[in-house]
Amino acid sequence: MFLPARGCNLRTTLESGQTFRWRPWGPEGFAGILGTTVLHLAQQGSQIAVSGSEAPARLEPLITRYLQLEDGLARAWASTDVDPIIHAALQQTQGLRLIRQEPWECLASFICATFNNITRVEGMIDRLCRAYGRAVPYRGTIWFTFPEAATLARADARALRRLGFGYRAPYLVRAARQVAAGDVDLAAVVRMGYVEARETLLRVEGVGEKVVECVLLFGFAHYEAFPVDVWIGRVMRRAYFRGRRMTDRRIRAFARRHFGPACGLAQQALFHAARTSPELFAP
DNA sequence: CGCCAGGTGCTGA
DNA sequence: TCAGCACATGGC
């Protein structure tokens with residue numbers, strides 16, 4: 001089956017640090033699992049070739065939503081194009097889309113991603129799924145679902161330590177318990193606006209000022225979120241503050257004013273541009 | 001080997 | 001509100 005890519009570039013989007021479970025599959029393809037559905041996606045020009053463990057009629061809405069293929073966000077992206085710096089980043093990251101992820105997987109993944117590098121996060125999450133997810137056989141390979149919060153709530157932090165989670169192990173287990181117990185109700189957060197959702201998610205163990213913005217952006221489609229990690233901090237200080245010291249909070253406040261209500265899109269373009277062309281943003 | 005990574009929570013000013 | 005610190009681990 002084929003879907004119109006509508007300008008989406010798979011590689012740019014799936015290797016942009018928003019998500020950690022896709023693997024290269026052939027020349028222009030990626031394999032992964034959403035929920036219990038195994039997917040093989042391949043870029044073929046203006047189309048995306050799709051196959052997977054469900055009937056095509058079920059794959060289409062799944063992928064359309066995940067990749068936001070009908071997002072109609074062209075105007076939102078354009079609204080962030082307010083100066084030559086972001087303009088260059090946007091040019092360089094054409095085809096980048098904001099993925100719409102499942103909230104719990106997104107939340108748990110970014111707790112794992114704190115003070116960590118993306119390659120290692122991928123390995124950690126892979127081991128987590130193998131240990132606690134459900135097996136889904138497909139075409140001779142056994143895939144694993146992302147573990148439910150209720151499952152991880154019963155896990156022992158020491159077991160996660162042995163999987164290489166370091167000091168994040170107890171955070172992840174406590175976060176799972178908060179979510180599984182309904183203390184933090186992710187289904188309710190879906191219906192909340194940015195401010196209330198932010199306050200609610202900040203109550204989760206291991207979720208601070210940066211992780212919460214990632215989760216709001218990638219898991220709840222709140223495009224006014226603006227995560228400031230070490231990459232974005234560097235880019236912003238260099239490009240907008242003449243290299244001066246600046247707290248993450250002030251960078252975020254500036255970005256919201258400067259780029260407007262879709263500043264999260266600008267953030268993702270800057271993040272990707274900085275990682276793929278560091279020379280443009282060297283300190 | 002040393003530096004670094006999509007930081008957080010805590011403490012003391 | 002902010003700076004400074006400890007925290008585990010492995011990629012490069």
Side-chain angles (χ1 to χ4, degrees), chain A residues 12-23 89 93 96-99 101 103 105-128 131 156-178 184 198-220 222-223 225-238 241 244-255 263-278 281-283:
Chain A
T12 305
T13 300
L14 297 180
E15 292 185 345
S16 63
Q18 298 180 62
T19 177
F20 305 98
R21 293 201 70 195
W22 292 93
R23 296 293 175 269
T93 55
L96 177 65
R97 289 291 178 272
L98 261 286
I99 299 172
Q101 300 181 43
E105 175 170 345
C106 185
L107 176 63
S109 295
F110 278 93
I111 288 174
C112 299
T114 60
F115 198 37
N116 208 342
N117 62 71
I118 290 178
T119 310
R120 182 173 166 222
V121 175
E122 290 171 348
M124 285 164 56
I125 291 178
D126 186 56
R127 293 192 293 279
L128 184 75
D156 181 351
R158 285 169 299 184
L160 292 185
R161 278 262 159 118
R162 286 192 288 277
L163 293 182
F165 278 67
Y167 60 77
R168 303 167 195 80
Y171 286 160
L172 186 56
V173 173
R174 282 181 224 151
R177 288 183 182 153
Q178 286 176 281
V184 172
R198 189 172 194 280
E199 268 175 37
T200 306
L201 293 172
L202 276 174
R203 302 203 329 255
V204 177
E205 259 339 286
V207 174
E209 297 273 329
K210 185 269 173 179
V211 168
V212 76
E213 299 291 305
C214 285
V215 178
L216 289 165
L217 190 54
F218 308 138
F220 294 93
H222 283 300
Y223 300 127
F226 193 92
V228 180
D229 68 343
V230 293
W231 293 93
I232 289 296
R234 273 202 291 264
V235 169
M236 293 296 288
R237 276 189 293 275
R238 166 159 171 82
F241 299 105
R244 280 181 297 152
R245 291 169 64 90
M246 188 68 54
T247 65
D248 292 353
R249 179 174 299 206
R250 292 188 63 171
I251 291 173
R252 181 156 45 76
F254 166 81
C263 57
L265 305 181
Q267 187 274 356
Q268 200 54 24
L270 287 168
F271 179 78
H272 195 256
R275 286 212 320 141
T276 51
S277 306
F281 300 97

Just how far, in rounded Å, is [atom2] of [N] from [atom1] of [X]?
X: A:D248; N: B:dA5; atom1: CG; atom2: C1'; value: 14 Å
X: A:Y167; N: C:dC7; atom1: OH; atom2: P; value: 11 Å
X: A:M246; N: C:dT1; atom1: CE; atom2: C1'; value: 15 Å
X: A:N117; N: B:dC4; atom1: CG; atom2: P; value: 13 Å
X: A:W231; N: B:dA5; atom1: CH2; atom2: P; value: 6 Å
X: A:R250; N: C:dT1; atom1: CZ; atom2: C1'; value: 11 Å
X: A:R249; N: C:dA3; atom1: CZ; atom2: P; value: 11 Å
X: A:R120; N: C:dG10; atom1: CZ; atom2: P; value: 6 Å

Evaluate the ring-ring contact (aromatic ring centres under 6.0 Å, His included) criterion for residues A:F226 and A:F271: first the C-alpha distance (whole Å), next the side-chain angles of each, then the deciding distance (0.1 Å), finally the verdict. CA-CA 11 Å; A:F226 193 92; A:F271 179 78; over 10 Å; no
Under 4.5 Å between any side-chain heavy atoms of [X] and [Y], yes or no?
X: A:C112; Y: A:L172; answer: yes
X: A:I99; Y: A:F218; answer: no
X: A:Q18; Y: A:Q268; answer: yes

Quote, to the nearest angstrom, the P distance that separates B:dT11 from C:dA8.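 Their P atoms lie roughly 16 Å apart.
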When the C1' atoms of C:dG10 and B:dG9 are considered, how many whole Å apart are they? 23 Å
Comparing A:N116 and A:T119 on DNA chain C - which has the more 5′ nearest nucleotide: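 The residue mapped nearer the 5' terminus is A:N116.
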Among A:M236, A:R252, A:E213, find the residue that satisfies the side chain to side chain contact (heavy atoms under 4.5 Å, CB included) test when tested with A:V228.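 Going through the options one by one, the only one that passes is A:R252.
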Would you mind classifying the nucleic acid contact of [X] as base, sugar-phosphate or nothing, using non-hydrogen atoms under 4.0 angstrom?
X: A:I232; result: base
X: A:F218; result: base
X: A:S16; result: base
X: A:E213; result: nothing
X: A:F165; result: nothing

Look at atom CZ of A:R250 and say whether more than 12 heavy atoms of other residues, nucleotides or ligands are closer to it than 6.0 Å.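 Not more than 12 within 6.0 Å, no.
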Using OP1 and OP2 only, check whether a side-chain N or O of A:T247 sits under 4.0 Å from C:dT1.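 So the side chain of A:T247 is outside the cut-off, no N or O lying under 4.0 Å from OP1 or OP2 of C:dT1.
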Short side-chain N/O contact to C:dA8 OP1/OP2 from A:R161, under 4.0 Å: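 It does, given that an N or O in the side chain of A:R161 lies less than 4.0 Å from OP1 or OP2 of C:dA8.
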Closest approach to the side chain of A:R168, judged atom by atom: which nucleotide of C:dA8, C:dA3, C:dG11 is it?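 Looking only at heavy atoms from C-beta outward on A:R168, the closest nucleotide is C:dA8.
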Would A:E209 and A:R198 satisfy salt bridge (charged side-chain N to carboxylate O under 4.0 Å, His left out), going step by step from the backbone distance to the final call? CA-CA 9 Å; A:E209 297 273 329; A:R198 189 172 194 280; 3.0 Å; yes
Do nucleotides 8-13 of chain B as a string where each nucleotide becomes B, S or -: B if the base has a protein heavy atom under 4.0 Å, S if just the sugar-phosphate does, - if no protein is that close. SS----
Whether A:Y171 and A:Y167 hold their rings parallel, tilted or perpendicular, with breakpoints at 30° and 60°: perpendicular
